Amino acid sequence: MIAFIALFFPALIMVFWKHSLCNEDSNWKNILPEYAFSVVLINLIAISILYFIFGSSGSLTEKLNSYLIFAWKYMFLSLAIAFVIPWLWVKCRPFCLLSKVEDDSATIMLKTDSSRELYLDLIRALSMLLVIFNHTGITGFMLYSVTTKSPLYPFYMFLSVACKPAVPLYWMVSGALLLPKEESIRSVYRHRVLRMVIVLMLFSFIHYGWQLLYGQVESFDIKYYFTKLYTSQFATAYWFIYSYISMLMMLPLLRIMVKGMSRQHFIYLFVIIVTMMGIIPILQYLVGQGELNMNSQLTGNLFSVNILYFIGGYYFADLLKKEEITSKKMIGWLIAGLIAIILTCLMTQYKINITGQSDEVHAQTFYNNLISIPTFALFYAARYICINYHPVKWLAKVIKVCGKASFGIMLLEEALRTQLSFIYSNLLPILHSLPACLIWILSVYLCGLLITLCLKKIPYIKRLI
């Protein structure tokens, strides 16, 4: 409770000052002492959390003594931050990252040069970070499976489940962008399916060359390349490209379908798939503990959950009007999403208790059952924020660049994640596994972003990624 109060009130004060300092009439000199104190306080709280939880060992007394020395070293840095930030904030103004939209005629649904709405790029950028985290195994994604005695075990499991909306969000963005368009079947195959096939073949070949370079395969074999390309995949994330190609094949029919659907039909689709593929499997496991299984023919003719997300993107982005995106509904969605994640964690732990298996293969049984709820919640929240708040120009540009580069980062992330794994290895003795993993993920993301931006300078490659 004390820790909660210590974090809560400085956060409130910072929010208040953020709005005050974004006001042109604010006199920053009047609030500078209080602001400086708050920054120092928050800085020390952050140091405390990192030091006591992640960075120290020994008795409480030993931790306290070493912490006082550690914190004193950073006191002058804290004071410098406290005095410099307000001055930069007022002088430069870009530090006021968001401003409330007051005029109904103003809109944050800023169109980029490719007719994308900003919140879709925001979702893509966020999803890519979640995808990379999803591929970190026991260093991050499945960290809870090897830290069962840690007091942070529930938090690690929560993070593991909470990152699962990554790919569903991609499906929603794709549906939001593709379903409203008018294209012939010939155009879909010529411009979309063919592009994805070329991307798959090209980057699979690049990955094959990378495996040859690092001795993961013995010699070049063109038959092996085409066989694996057809039957399997060269990188973990490339399953999405195969699935995306099949979705594009269905795109002409899905466009006709969604344009003939009412809101009740969309809600029915959501309810029936979540019930049959999400809720019932959970209930039957609670009753039979894995021995009771529904006849597979009952779900054999239902749409896949990927189609649910694809169509859901169209519903939340195109069918819902801007006036219908409200803060109350957003809070409701976020609460429902949080409850779904917690229920998934409870079911995961319940199965672990029964089977004793917490590895990545067996522990994810219930990960996708209710994940559609937090997925829709995040999509709804992103759209609400971008409707009601203006980002500064540089932030909007960063979001746009990261969003457009997300596909390229996905194509490169496995090779980069492997090559940059030394970052995690070197940081692990200094930091806890999770902070080291997060820095590793950010490094992979930034390297992938840089390489993708360079590749986009190549004329033909630019059209592919």
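In this chain, residues are counted from 1 in sequence order. Computed from a prediction, not measured in an experiment: that's the story for all the values here.
A donor-acceptor contact closer than 3.5 angstrom links the side chains of His135 and Glu413. Residues Gln349 and Tyr153 have side chains that bring a donor and an acceptor to within less than 3.5 angstrom of each other. A side-chain donor-acceptor contact under 3.5 Å links Tyr367 and Ser160. There is a side-chain donor-acceptor pair under 3.5 Å between Tyr424 and Ser433.
Around the OH atom of Tyr460, the shell of radius 6.0 Å holds no more than 12 heavy atoms that belong to other residues, nucleotides or ligands. For OH of Tyr242, the number of neighbouring non-hydrogen atoms (other residues, nucleotides, ligands) closer than 6.0 Å is greater than 12.
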Go through the steps to decide whether Leu370 and Ile282 satisfy the test side-chain contact (heavy atoms from CB on, under 4.5 Å), and finish with yes or no. CA-CA 10 Å; Leu370 302 176; Ile282 290 176; 3.9 Å; yes
Between Leu378 and Ile123, does the side-chain contact (heavy atoms from CB on, under 4.5 Å) criterion hold? Intermediate values first, please. CA-CA 8 Å; Leu378 289 173; Ile123 292 171; over 6 Å; no
Go through the steps for Met128 and Tyr170 under the test side-chain contact (heavy atoms from CB on, under 4.5 Å), then give the verdict. CA-CA 9 Å; Met128 191 62 244; Tyr170 269 122; 3.3 Å; yes
Criterion ring-ring contact (aromatic ring centres under 6.0 Å, His included) on Tyr225 and Phe220, from CA distance to verdict: CA-CA 8 Å; Tyr225 165 73; Phe220 178 78; 7.6 Å; no
Apply the test side-chain contact (heavy atoms from CB on, under 4.5 Å) to residues Val161 and Ile342: give CA-CA distance (whole Å), side-chain angles for both, the deciding distance (0.1 Å), then the verdict. CA-CA 9 Å; Val161 177; Ile342 293 173; over 6 Å; no
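The closest side-chain heavy-atom distance from Pro374 to Leu338 is not below 4.5 Å. Side-chain contact between Met249 and Tyr244: absent, with no pair of heavy atoms (C-beta onward) separated by less than 4.5 Å. Annotation: side chain of Ile439 is in contact with side chain of Leu427 (closest heavy-atom distance under 4.5 Å). Under the 4.5 Å side-chain criterion, counting only non-hydrogen atoms from C-beta, Pro391 is in contact with Leu118. Looking at Lys457 and Lys462, their side chains never come closer than 4.5 Å, going by heavy atoms from C-beta outward. In this structure, Ile451 and Ile409 have side chains that are not in contact, with every pair of non-hydrogen atoms separated by 4.5 Å or more. No side-chain heavy atom of Leu159 sits under 4.5 Å from any side-chain heavy atom of Tyr144. Residues Val444 and Cys447 form no side-chain contact, since every pair of their non-hydrogen atoms from C-beta on lies 4.5 Å or further apart.
Taking the six-membered ring for Trp and the full ring otherwise, Tyr238 and Phe203 have centroids separated by 6.0 Å or more. A distance of 6.0 Å or more separates the ring centres of Phe234 and Phe205. The distance between the ring centers of Trp171 and Phe240 falls below 6.0 angstrom. Between Phe270 and Phe376, a ring centre-to-centre spacing shorter than 6.0 Å is recorded. The aromatic ring centres of Tyr156 and His432 sit less than 6.0 Å apart.
Rounding to the nearest 0.5 Å places OG of Ser443 at 10.0 Å from CD1 of Ile132. How far SG of Cys437 is from CG of Leu442: 11.5 Å, rounded to the nearest 0.5 Å. Between the CG atom in Leu416 and the OG atom in Ser421 there is a gap of 11.5 Å [rounded to 0.5 Å]. With values rounded to the nearest 0.5 angstrom, Thr365 atom OG1 is found 9.0 Å from Met347 atom CE. In this structure, CG on Leu449 lies 12.5 Å from NZ on Lys404, to the nearest 0.5 angstrom. Here the CG atom belonging to Leu120 is positioned 11.5 Å from the CD1 atom belonging to Ile399, to the nearest 0.5 angstrom.
One N or O on the side chain of Lys351 and one on the backbone of His362 form a donor-acceptor pair closer than 3.5 Å. Looking only at distances, a side-chain donor or acceptor of Thr136 sits under 3.5 Å from a matching main-chain atom of Phe141. Remark: side-chain polar atoms of Gln364 are paired, donor with acceptor, to backbone N or O of Glu360 under 3.5 angstrom. Of the possible donor and acceptor atoms, one in the side chain of Ser145 sits under 3.5 Å from a partner among the backbone N and O of Met142. For Tyr380 (side chain) and Leu334 (main-chain N/O), no donor-acceptor pair under 3.5 Å exists by modelled atom type. Using a distance-only test at 3.5 Å, with no hydrogens or angles considered, no donor-acceptor pair links the side chain of Arg124 to the main chain of Ser406. Here the side chain of Ser243 pairs no donor or acceptor atom with the backbone of Trp239 at under 3.5 angstrom. Between the side chain of Asn134 and the main chain of Leu130, no donor-acceptor pair closer than 3.5 Å is present.
Smallest separation of non-hydrogen atoms from Asp318 and Ala176: OD1-O, 3.4 Å. Minimum interatomic distance between Leu320 and Arg383 (heavy atoms only, all atoms of both residues): O-NH1, 2.8 Å. Among all heavy-atom pairs drawn from Leu308 and Ser372, the shortest one is CD2-CB, 4.4 Å. Here the closest non-hydrogen pair linking Ile241 and Met410 is CG1-CE, 4.1 Å. Of all non-hydrogen atoms in Gln357 and Ile352, the two that sit nearest each other are O-CG1, 3.6 Å. Closest non-hydrogen pair, Thr147 versus Leu143, comes out as OG1-O, 2.9 Å.
Taking the ring centre of Tyr208 as origin, the terminal cationic atom of Lys228 falls outside the region bounded by 6.0 Å and 45° from the ring axis.
A ring-ring contact (aromatic ring centres under 6.0 Å, His included) with Phe316 holds for exactly one of Trp333, Tyr309, Tyr119, Phe310; it is Trp333.
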